[in-house]
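These notes are about the structure you will find just below.
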Amino acid sequence: SFFRDPQAFEVLLQKGLPSLVEGKQDGATLRVWVAGCSTGEEAYSLAILIREYLTLQKLRLAVQVFASDLDSRAIEIARAGIYPIGIAGDISPERLQRFFTKEDSNYRVKKEIRDLVVFAQHNILTDAPFTKLDLVSCRNLLIYLEAKAQQKILPLFHYALKPKGILLLGSSETIGGFENLFAPIDRKWKLFRRTAEPSTLPHLHRFHGESMKAANETRADSAVPRPSIPDLIHQVLVARYAPASVVVNARGEVVYIHGRTGTYLEPAPGPPTHHLVEMAREGLQHDLASALHQAASREDEVVHRDVQVKSDRGLIAVTVRVKRISEPEALQGLFLVTFDTVREEKPAAGKGAAARSSAPLKKGESGLMRELEFTKQRLQRTVEELQTSNEELKSTNEELQSTNEELQSTNEELETAKEELQSLNEELLTVNAELQGKLDALAEANDDLQNLLNSTEVATIFLDNELCIKRFTSEAKRVSNLIASDAGRPLSDIVSKLTDDRLLDDAQSVLQTLIIQEREIQALDGSWFFMRILPYRTAKNTIDGLVLTFLDITKIKEAERVVQAARTIAASFVETVREPLLLLDDQLRVVRANQSFYRTFQLTPRDVEQQLLYHLCGGAWNIPDLRRQLEEVLPKCTSFKDFILDKTFPQIGRKIMALNGHRLEQAVGQPGRILLAMEEVKAGGKAAEKAKE
Ligand SMILES: C[S@@+](CC[C@H](N)C(=O)[O-])C[C@H]1O[C@@H](n2cnc3c(N)ncnc32)[C@H](O)[C@@H]1O
């Protein structure tokens with residue numbers, strides 16, 4: 001109803017409108033959206049309230065009220081602006097007088113108010129909202145919606161309103177949960193002011209209006225080849241068993257004639273015409289024109305019976321049927337007119353125009369009268385048509401205005417989206433630059449690693465969990481026939497250059513047990529490698545394949561062989577020397593003795609090797625002087641010569657021996673060794689003399 005909850009309108013007038021007009025320049029527009037306007041009463045009430053207020057305040061502001069509703073029939077009523085007399089109960093006599101015109105038993109909204117409001121069919125949940133609004137009134141709509149939809153609409157209003165814009169809800173509705181978006185002006189009458197909280201438009205299902213869809217469909221339609229019109233018309237006629245029939249377009253022009261229509265139609269005098277009504281025989285024109293007119297606004301068939309037509313055979317009674325063709329699609333918009341002669345009549349018994357023509361008028365006058373009558377009716381029809389098309393134009397205009405608003409709001413949304421995309425793009429560029437930096441660093445690290453691997457000259461092969469080759473160093477070509485394109489191939493497919501074929505088994509075993517395998521392995525070209533197979537552990541400590549390394553130890557092997565040979569030679573030297581020799585370690589423990597020693601002292605290797613020198617031969621070698629000399633050999637790098645030992649040994653009796661001690665050079669880090677050589681002293685010799693002393 002008009003001014004529903006009058007106090008709410010009073011509160012809006014007192015507490016809302018003053019702030020909305022504040023600071024507005026002359027000529028500026030006050031924009032209002034009435035969402036869910038139903039049949040228009042609320043929208044007109046607001047328009048009246050604002051118009052009165054502006055007049056009172058002498059403000060020269062334009063007002064635009066967008067009123068929308070989902071229900072197209074409600075919108076049609078709202079657009080008409082005609083209300084029953086009962087509205088007088090809701091509107092004061094002064095307002096009724098000033099803003100309404102009484103028409104029969106209705107009140108019509110005056111143009112002054114009607115022109116302020118644009119009505120549009122609009123779904124608040126899916127269509128783009130109106131924007132830059134000073135006031136949104138959405139009363140008694142939210143209560144019909146589910147909570148989820150309500151949650152969507154309130155941010156939408158926040159988005160649609162200008163800063164400090166006002167929201168008016170129904171008395172039983174709330175802004176539940178959106179206190180940050182709207183601050184109350186009047187809690188009881190649900191008047192709120194938009195807060196400065198940043199706004200985002202909630203997602204709408206549909207961006208563009210139906211008009212776009214319709215335009216596309218029309219374009220698509222025009223691409224479809226149409227069947228030939230005569231064929232289609234024929235189909236329709238046959239289906240109807242039509243007798244004499246014609247098909248006309250919306251302007252009444254004949255597009256097809258079927259059967260013998262001469263009884264009803266004749267060429268009209270003057271320039272040739274296709275207009276059906278002009279071709280109709282006397283008596284038929286009026287009914288035909290009116291039937292065509294009626295059919296234009298109806299779906300069902302229009303039938304005029306007993307039409308008195310003056311034919312060549314005399315007066316006949318005809319049934320005229322006019323039907324709008326709805327199928328096939330290509331014929332839509334055309335009308336099928338059929339004529340049926342019911343009976344032949346006496347001129348006096350008829351009715352209608354022909355009957356009227358039988359009035360006592362002179363022949364020429366009656367013709368003129370008929371023409372006048374016919375012209376009058378056509379004029380009347382034209383006037384009615386003009387009125388209808390005027391109404392339609394008005395509605396179309398309103399629709400266009402509202403579509404324009406929607407497009408503007410969509411445009412704004414796109415602008416916002418564009419800005420967001422731009423900033424996102426900038427962020428992406430930054431991230432991209434960072435990523436590029438990281439990629440460069442990674443590439444550098446990769447190069448470093450590759451160079452390092454190549455410089456170590458260690459053949460390295462990386463396998464995945466399926467034992468397929470992930471990558472390898474150039475040295476790896478020495479142990480198998482690898483080429484660059486082998487990455488990704490199974491290791492088993494690659495021909496090995498090694499002398500043993502256990503490599504694959506070893507790899508599988510390491511993958512299963514995760515126990516590192518190491519061994520020396522020889523290549524077919526004779527070189528030696530120290531092979532190591534270990535699991536490939538990722539940073540997250542998961543196993544992602546294997547690493548196989550082959551360290552070239554050919555030179556070490558060679559050196560070992562040389563050392564071994566030297567050892568053998570040294571050993572044979574030691575064995576061939578006649579004097580007894582002892583090799584002692586840094587603890588003065590016997591490492592080895594030669595055959596001469598064993599012979600001389602009648603001992604076996606078991607008695608001697610690994611024994612402390614002082615324990616040999618029942619302690620016969622435990623001589624403090626000798627001990628001191630020996631203990632100095634290694635730390636002081638000294639040697640001694642001709643230390644005379646005169647002792648009685650358990651098995652062999654007394655022996656006089658000259659002892660020489662020498663330090664033997666060892667490899668770096670190895671403890672030193674002492675070679676103790678003994679020479680038996682003959683009795684009476686110089687040495688024996690010295691021994692006596
Ligand atoms: C109870 S009427 C309110 C009429 C008016 N606002 C008032 O307070 O007197 C609710 C209106 O909301 C409309 N409506 C319901 N859902 C809608 C939607 N999604 N979009 C637009 N209008 C809707 C209905 O068609 C109905 O006309």
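Numbers here simply count residues along the sequence, with the first being 1. Read the numbers this way: they start at 1 and go in the same order the structure lists the ligands and their atoms.
No hydrogens or angles considered: nothing links the side chains of T39 and R73 as a donor-acceptor pair under 3.5 Å.
Listed by number with element, the atoms of ligand 1 under 4.0 Å from a non-hydrogen atom of E42 are 5 (C), 6 (N), 7 (C), 8 (O). The distance from ligand 1 to the heavy atoms of S38 drops below 4.0 Å at these ligand atoms: 4 (C), 27 (O). Applying the 4.0 Å criterion to heavy atoms of R139 picks out, from ligand 1, the atoms 3 (C), 5 (C), 6 (N), 7 (C), 8 (O). Less than 4.0 angstrom separates some heavy atom of N123 from each of these atoms of ligand 1: 18 (C), 19 (N), 20 (N). Taking a cut-off of under 4.0 Å to the non-hydrogen atoms of N140, the atoms of ligand 1 that pass are 1 (C), 2 (S), 3 (C), 7 (C), 8 (O), 10 (C). Counting the atoms of ligand 1 from 1 in the order shown, those under 4.0 Å from a heavy atom of Y144 are 1 (C).
Note: no N/O pair closer than 3.5 Å links S68 and ligand 1 by distance alone.
Summarising the local packing, NZ of K132 is surrounded by 12 or fewer heavy atoms from other residues, nucleotides or ligands at distances under 6.0 Å.
Within the 4.5 Å cutoff, the side chain of S45 has heavy atoms near those of the F9 side chain. Residues E173 and K190 are not in side-chain contact: their nearest non-hydrogen atoms beyond the backbone lie 4.5 Å or more apart.
With I124, L142, T39, I75 as candidates, the residue nearest to atom 20 (N) of ligand 1 on a non-hydrogen basis is I124. Atom 16 (N) of ligand 1 has its nearest heavy-atom neighbour, among L70, T126, L169, in L70. Residue nearest to atom 26 (C) of ligand 1, selected from D71, D69, I153: D69 (by heavy-atom distance).
Seen from the ring of F3, R95 counts as a face-on cation partner, given the 6.0 Å and 45° thresholds.
With respect to K15 and D186, a salt bridge is recorded, a charged nitrogen being found less than 4.0 Å from a carboxylate O.
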| task | Applying side chain to side chain donor-acceptor pair (under 3.5 Å), run through H122 and E405 and close with a yes or a no. | result | CA-CA 11 Å; H122 176 281; E405 287 291 330; over 6 Å; no
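Between F2 and Y44, the two ring planes are parallel [angle under 30°; tilted spans 30° to 60°].
Of the protein's non-hydrogen atoms, the one nearest atom 4 (C) of ligand 1 is G36 O, 3.3 Å. Closest to atom 15 (C) of ligand 1, if we only count protein heavy atoms, is L141 CG, 4.3 Å.
Counting heavy atoms under 4.0 Å from ligand 1, residue H122 touches it through the backbone alone.
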